[in-house]
Amino acid sequence: MIRQAVIMAAGLGSRLKERTAAMPKGFLEFDGVPIIEMSVRKLIAAGVEEIVIGTGHCSEAFDALSRRYGCITLVKNEEYASTGSMYTLSRCAERIRGDFLLLESDLIYDSIGLRVLINDPHRDAILASGATNSGDEVYLECDEGHFLRGNSKRREELGSVYGELVGISKLTKDTVRKMIEHMGRNMGSAPKMDYEAALSYVSSRCSPVFVRKVEFYTWCEIDDESHLERARKAVYPHVRENEEIRRVRREVLLNPGPATTTDSVKEAQVQTDICPREHEFGDVMEWVADELALMVGAPGRVKAVLFGGSGTAGDEVMISSCIPDGSKTLIVNNGAYGKRLAKIADIYGLEYDEFVSDGTLPLDAEAVKRRISSGGYTHLVIVYHETTTGLLNPVPEICRHCKANGVTTIVDAVSAFCAVPIDMDEDGIDFMSSTSNKNIQGMAGLAFVFCRTEALESIKPYPMRNYYLNLYDQHAYFERTHQTRFTPPVQTYYALRQAIIEAKVETIEGRYSRYTACWRILIEGLERMGLRYLVPVEAQSRLIVTVCNPESERYDFETMHDFMRDNGFTIYPGKLSDRPTFRIANIGDIQPEEMSRFIDLLKTYLDEING
Ligand code: PLP
């Protein structure tokens with residue numbers, strides 16, 4: 001699995017004269033986006049977790065980019081004016097942990113090239129194309145097995161030409177080490193050594209590098225005005241078209257999960273088949289669990305334990321594994337999911353009381369706290385965000401009170417996690433469930449239970465009430481073996497890995513702001529149309545709105561649903577038996593512009609039924 005990339009962006013770009021006198025070449029813009037940023041987005045979509053950019057000329061230009069994309073690390077080549085790309089690569093190599101992608105910064109390229117290299121069975125491979133006639137070609141010479149023998153801008157220096165260097169490669173750490181050694185030996189005579197020269201040397205002497213040629217690959221490098229012209233007129237439009245025709249048909253899910261996903265999350269499921277018992281897959285599972293845990297706690301404070309299953313599996317894991325016999329539990333029930341938690345407790349024969357509250361009104365935190373203090377409870381069970389209505393419960397306030405009173409807290413955060421910022425230590429949460437298909441924006445199929453580390457250890461002695469869903473056993477087995485006890489949903493894991501990469505780039509705060517922007521458009525639109533919602537605005541989660549049915553006699557949810565579906569939006573019926581409602585969720589990969597379009601459609605439908 002390729003987890004890192006290096007982009008070499010130190011060069012002066014002097015052939016572009018005044019255009020790049022005060023800015024690196026990578027900041028040339030197409031459609032308002034710098035080409036280096038396009039490259040960063042393509043790498044992220046291809047599953048790269050960290051991008052190291054080797055800077056030099058106008059290095060400060062990269063600061064804003066690295067702030068916007070937390071996955072970027074900047075490494076400056078202070079000697080950029082007197083050295084070449086190989087020296088920049090050597091500076092970046094200290095950050096490299098395994099196989100990685102190496103790119104030049106001035107490329108416009110079809111993202112399919114990344115996939116071609118990632119899929120190539122050779123660990124060292126460079127991408128080549130057929131003839132581009134760009135006027136600045138780096139020609140490649142290969143042996144009969146298509147391994148690199150040499151490169152030059154002058155055809156006549158090579159015995160034969162197999163293809164042209166694109167400027168995207170996949171390399172092992174070991175090959176780069178050999179390239180650096182070669183550079184070190186020649187620094188005196190060739191201080192401006194290009195990385196491709198070192199690569200050709202290493203490939204022909206000791207570490208053969210495969211040349212993966214795609215004859216009609218769409219790409220260009222921008223070194224001078226004529227390249228820029230060619231990029232704008234021919235290459236960029238072609239790249240855009242290629243990438244657009246590969247997009248998956250867009251369907252905006254306004255149901256409260258499974259949420260709308262990005263194409264890159266969908267595509268991440270298509271991976272080389274792998275036996276999940278392989279160490280490599282264990283690493284994927286470990287990375288996923290560690291990164292999830294870091295989203296809700298400081299390093300080392302929280303463990304995430306994953307199970308194949310839906311959100312309810314996570315809830316059942318907590319109720320069946322974290323409450324020992326002889327405990328006294330208070331379950332807050334102010335909606336269908338609180339009620340479900342009580343039902344699970346019933347099935348396991350646990351002793352509990354319910355704190356029942358109207359799901360359309362803010363939960364009275366003081367009343368819950370009083371009940372906790374006076375009731376002799378050992379455990380509290382509560383839903384963070386009641387998806388039934390869109391009501392956000394004051395979980396931190398209640399759970400902190402519980403912690404101060406020695407009460408273990410168990411929280412269903414299925415539809416709150418990765419939108420509402422949570423710190424389990426600060427918020428007093430011991431155990432918390434969520435799932436891969438809601439705000440984290442992955443595929444359905446994985447439930448996770450977050451555990452404060454001490455809380456997890458405290459349940460170790462509890463007897464097992466079930467087999468598959470036992471929290472401590474699942475945790476201990478993975479710690480011991482780097483494997484799960486039962487077959488994990490492999491492809492769902494890969495999708496979740498990609499979803500985590502994307503969530504980290506957006507940040508949880510950024511995601512909640514986007515969700516909030518969509519929610520604002522939604523409620524303002526509903527108000528303009530005279531529709532009412534159940535939960536007062538100040539208690540709404542900003543993740544879902546339960547809307548009272550329109551009063552028109554011609555209103556019919558199914559007809560409205562079909563009309564929306566025909567126009568690319570999926571909506572969801574209400575879940576309250578006593579009040580006729582429908583629900584609009586705004587979680588997932590949804591942009592404010594799409595919510596505005598939905599509001600326009602809703603108006604069209606309402607105008608139609610209101611005559
Ligand atoms: N808890 C809450 C708060 C939910 O919103 C949901 C589903 O929407 C669940 C539990 C159950 O999740 P699942 O349907 O994935 O089992």
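We count ligands from 1, going down the list as the structure has it; atoms in each ligand are counted the same way. Position 1 is the first residue of the sequence, and the numbers go up from there.
- Listed by first and then second residue, the side chain to side chain donor-acceptor pair (under 3.5 Å) pairs that reach into residues 326-336 are N333-E354, N334-N393, sequence neighbours excluded.
- Note on ring orientation: taking the six-membered ring where Trp is involved, the planes of Y494 and F281 are perpendicular (angle over 60°, cut-offs 30° and 60°).
- Note: F486 and Y467 meet the aromatic proximity criterion, with ring centroids under 6.0 Å apart.
- The residues lining ligand 1, counting any heavy atom closer than 4.0 Å, are S310, G311, T312, D315, Y337, R340, V383, H385, T387, D412, V414, S415, K438.
- Electrostatic pairing of E502 and K504 does not count as a salt bridge here, judged by no charged N lying under 4.0 Å from a carboxylate O.
- We find that K369 and E397 are joined by a salt bridge, their nearest charged nitrogen and carboxylate oxygen being less than 4.0 Å apart.
- Put simply, the side chain of E50 never gets that close to the backbone of A5: no donor and acceptor are under 3.5 Å apart.
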